[in-house]
**Q** 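Encoded as structure tokens, here's the structure I'll be asking about.
Both backbone and side-chain heavy atoms feed into the values below; hydrogens, waters and symmetry mates do not.
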Amino acid sequence: MEPHPPIPVLDRAAVSRLLAEGESSEHALVVHNRRVHTLCDPTAWSVLPRANNAPVPLRSLDLSFNNLAQIGSLALAPLVELRELRLYSNKLTAEGLEGSGLEKLGKLERLELHDNRLARLPLGCHLPKLRSLRLERNRLESLAALASMRCTGLTHLFLDANRLSSLVGKAPKEADRAKKGPPLQGGAAWLASFSHLEVLRVTVGSE
């Protein structure tokens with residue numbers, strides 16, 4: 001099978017092409033490893049089939065293994081029904097995500113941002129329905145902004161291979177069993193907000 005051609009710019013024409021290829025639908029768009037470097041058009045999703053005046057029906061968006069360093073202003077904002085967003089293995093920074101409309105994804109349950117260039121978490125990103133957050137192999141030195149995401153229902157949090165010198169907070173008993181690396185120090189802090197955590201994976205002091 002021949003590889004799919006690159007899609008440098010994800011716009012309406014590109015989304016139409018993806019639908020024609022047959023691996024994507026109005027509910028799940030697969031843009032894995034297509035050399036995408038530009039996503040800046042909020043109207044790109046308008047070609048997805050939907051009923052009149054209904055929201056964009058997309059539930060899953062896979063943009064993994066591309067060349068995205070940033071996402072354009074409000075480009076993600078129309079995806080209000082999205083449950084799963086895969087952005088791993090790109091070149092994204094916090095600045096590159098801020099203003100993208102990520103905070104509009106109020107139904108998002110799974111966010112995969114591992115293998116990027118995040119030195120901190122994006123500001124103003126409130127994701128109350130989030131259950132799984134993957135942040136491994138970034139450049140995170142602090143998790144101070146995690147509580148501001150208001151994802152208090154989080155059950156799975158993956159933080160391995162960052163630049164964390166400490167992880168202040170006491171993990172729930174279930175999460176404590178899943179930890180890797182040296183013991184974590186500290187008392188009640190941001191982690192106390194996440195009472196539903198079942199899996200916490202982190203190695204302190206690594207890159």
Side-chain angles (χ1 to χ4, degrees), residues 28 55 58-64 71 76-77 79-90 92-207:
L58 199 63
R59 300 293 183 93
S60 176
L61 176 58
D62 185 354
L63 283 162
S64 58
I71 297 176
L76 298 175
L79 306 181
V80 294
E81 296 295 324
L82 203 66
R83 267 57 166 190
E84 179 181 66
L85 178 57
R86 296 178 176 175
L87 288 168
Y88 63 88
S89 296
N90 277 282
L92 290 165
T93 63
E95 294 82 0
L97 284 169
E98 288 167 355
S100 66
L102 184 62
E103 71 281 359
K104 304 292 185 182
L105 309 184
K107 296 183 179 180
L108 196 67
E109 297 176 358
R110 184 179 184 89
L111 177 58
E112 299 184 352
L113 284 167
H114 47 293
D115 296 286
N116 274 287
R117 300 178 179 178
L118 296 170
R120 61 175 176 82
L121 296 173
L123 301 174
C125 186
H126 304 153
L127 301 172
K129 299 291 186 181
L130 200 65
R131 297 292 178 267
S132 178
L133 177 59
R134 295 193 59 178
L135 295 166
E136 313 99 289
R137 293 177 296 280
N138 275 285
R139 303 172 181 179
L140 295 170
E141 298 180 356
S142 169
L143 296 171
L146 189 57
S148 68
M149 293 177 71
R150 300 179 187 173
C151 46
T152 54
L154 202 65
T155 60
H156 292 69
L157 176 59
F158 301 90
L159 296 164
D160 283 323
N162 277 283
R163 299 176 179 177
L164 300 167
S165 58
S166 65
L167 186 64
V168 178
K170 185 177 180 181
K173 184 179 296 184
E174 297 86 351
D176 192 63
R177 296 194 194 105
K179 291 183 302 183
K180 298 188 294 183
L184 306 182
Q185 304 296 322
W190 64 269
L191 196 53
S193 302
F194 300 97
S195 58
H196 298 284
L197 265 182
E198 297 173 3
V199 176
L200 169 63
R201 296 197 181 277
V202 57
T203 303
V204 175
S206 66
E207 294 189 13

**Q** To the nearest 0.5 Å, what is the distance between CG (L113) and CZ (F158)?
**A**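 Interatomic distance, L113 CG to F158 CZ, rounded to 0.5 Å: 13.5 Å.
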**Q** Within this structure, what is the CG-CG distance for the pair L164 and L135, rounded to the nearest 0.5 Å?
**A**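 Going from the CG atom of L164 to the CG atom of L135 covers 9.5 Å.
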**Q** Set out, in order, the CA-CA distance, both residues' side-chain angles and the distance that settles side chain to side chain contact (heavy atoms under 4.5 Å, CB included) for R117 and R139, then state yes or no.
**A** CA-CA 6 Å; R117 300 178 179 178; R139 303 172 181 179; 3.9 Å; yes
**Q** Are the side chains of L200 and L159 in contact, using a 4.5 Å heavy-atom criterion?
**A** yes
**Q** Taking only residues two or more places apart in sequence, or in another chain, which ones meet E112 in a salt bridge (charged side-chain N to carboxylate O under 4.0 Å, His left out)?
**A** R86, R110
**Q** Determine, step by step, whether L85 and L79 satisfy the side chain to side chain contact (heavy atoms under 4.5 Å, CB included) criterion, reporting the C-alpha distance in whole Å, the side-chain angles of both residues, the deciding distance to 0.1 Å, and the verdict.
**A** CA-CA 10 Å; L85 178 57; L79 306 181; over 6 Å; no
**Q** So, using salt bridge (charged side-chain N to carboxylate O under 4.0 Å, His left out) as the criterion, who are the partners of R120 when residues are at least two apart?
**A**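 Partners of R120 by the salt bridge (charged side-chain N to carboxylate O under 4.0 Å, His left out) criterion, ordered by chain and then number, come out as E95, E98.
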**Q** Which value, rounded to the nearest 0.5 Å, describes the distance between C125 atom SG and L111 atom CG?
**A** 7.0 Å
**Q** Mind checking whether L97 and I71 have side chains closer than 4.5 Å, heavy atoms only?
**A** yes
**Q** When you compare the side chain of L146 with that of F194, does any pair of heavy atoms fall below 4.5 Å?
**A** yes
**Q** Would you sort out whether E198 and H156 count as a side chain to side chain contact (heavy atoms under 4.5 Å, CB included), showing the intermediate values?
**A** CA-CA 6 Å; E198 297 173 3; H156 292 69; 3.8 Å; yes
**Q** Salt bridge (charged side-chain N to carboxylate O under 4.0 Å, His left out) with E81: which residues, sequence neighbours excluded?
**A**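 E81: salt bridge (charged side-chain N to carboxylate O under 4.0 Å, His left out) contacts with R83, K107.
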**Q** For S64, is there any backbone N or O sitting under 3.5 Å from a side-chain donor or acceptor partner on D62?
**A** yes
**Q** Give, for atom CG of L102 and atom NE2 of H126, the distance between the pair rounded to the nearest 0.5 Å.
**A**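 Output value for this atom pair is 11.0 Å.
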**Q** Is it true that R134 and E136 make a salt bridge, defined as a side-chain N closer than 4.0 Å to a carboxylate O?
**A** yes
**Q** For the side chain of N116 and the backbone of N138, is there at least one donor-acceptor N/O pair under 3.5 Å apart?
**A**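 No.
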**Q** Can you measure from CG (L87) to CG (L76) and round to the nearest 0.5 angstrom?
**A** 7.0 Å
**Q** Can R137 and D115 be counted as an ion pair, charged N to O under 4.0 angstrom?
**A**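 Salt bridge: yes.
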